[in-house]
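This report refers to the structure that appears directly beneath it.
On a predicted model such as this, the values are computed, not experimentally measured, just so you know.
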Amino acid sequence: MIATTSLTNTDGETLALYREMNMGAKGQKGFRFTNFSRPNRKRDKKFQDFFVTDNMLIEGGLLDELKKIISL
């Protein structure tokens with residue numbers, strides 16, 4: 001189930017951000033980032049997907065690392 005979708009064009013790349021309610025396990029929430037401008041190198045898809053769970057962001061420390069990158 002997708003709760004929120006945001007589509008944007010950034011530097012010629014068509015990007016989307018989705019809020020997902022069941023990522024890998026039922027009830028595990030997170031985000032899916034999709035780049036529609038680049039083909040997937042490993043699968044037969046015409047786009048790339050990257051998944052990040054809330055657990056990875058908060059408890060895994062990914063959000064803190066992203067904040068560091070943004071502040072550079």
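Among the candidates Lys42, Arg41, Arg43, the single residue satisfying the side-chain contact (heavy atoms from CB on, under 4.5 Å) test with Lys45 is Arg43.
Summarising the geometry of Ser37 relative to Gly12, their closest heavy-atom pair is OG-O, 3.7 Å, with the distance given to 0.1 Å. When all heavy atoms of Arg19 and Lys29 are compared, the closest pair comes out as NH2-CB, 3.7 Å. Here the closest non-hydrogen pair linking Arg32 and Phe51 is CD-CE2, 3.1 Å.
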CA sep, side-chain torsions, deciding dist, call: Leu63, Ile58, side-chain contact (heavy atoms from CB on, under 4.5 Å): CA-CA 6 Å; Leu63 186 59; Ile58 306 302; 4.0 Å; yes
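The CZ atom of Phe31 sits 10.5 Å away from atom OG1 of Thr53, with the distance rounded to the nearest 0.5 Å. With values rounded to the nearest 0.5 angstrom, Glu65 atom CD is found 7.0 Å from Ile69 atom CD1. Here the straight-line distance linking atom CG of Leu62 with atom CG of Leu57 works out to 5.0 Å at 0.5 Å rounding. Here the CE-CG distance, from Met23 to Asp54, works out to 8.5 Å after rounding to the nearest 0.5 Å.
In this structure, the side chain of Asn40 does not engage the main chain of Lys46 through any donor-acceptor pair within 3.5 Å.
A donor-acceptor pair shorter than 3.5 Å cannot be found between the side chains of Gln48 and Asn35.
For the pair Thr34/Tyr18, a side-chain contact is recorded, criterion being any heavy-atom separation below 4.5 Å from C-beta on.
Note on Leu15: it does not cluster hydrophobically with Phe50, by side-chain heavy-atom contacts below 4.5 Å among ILVMFWY residues.
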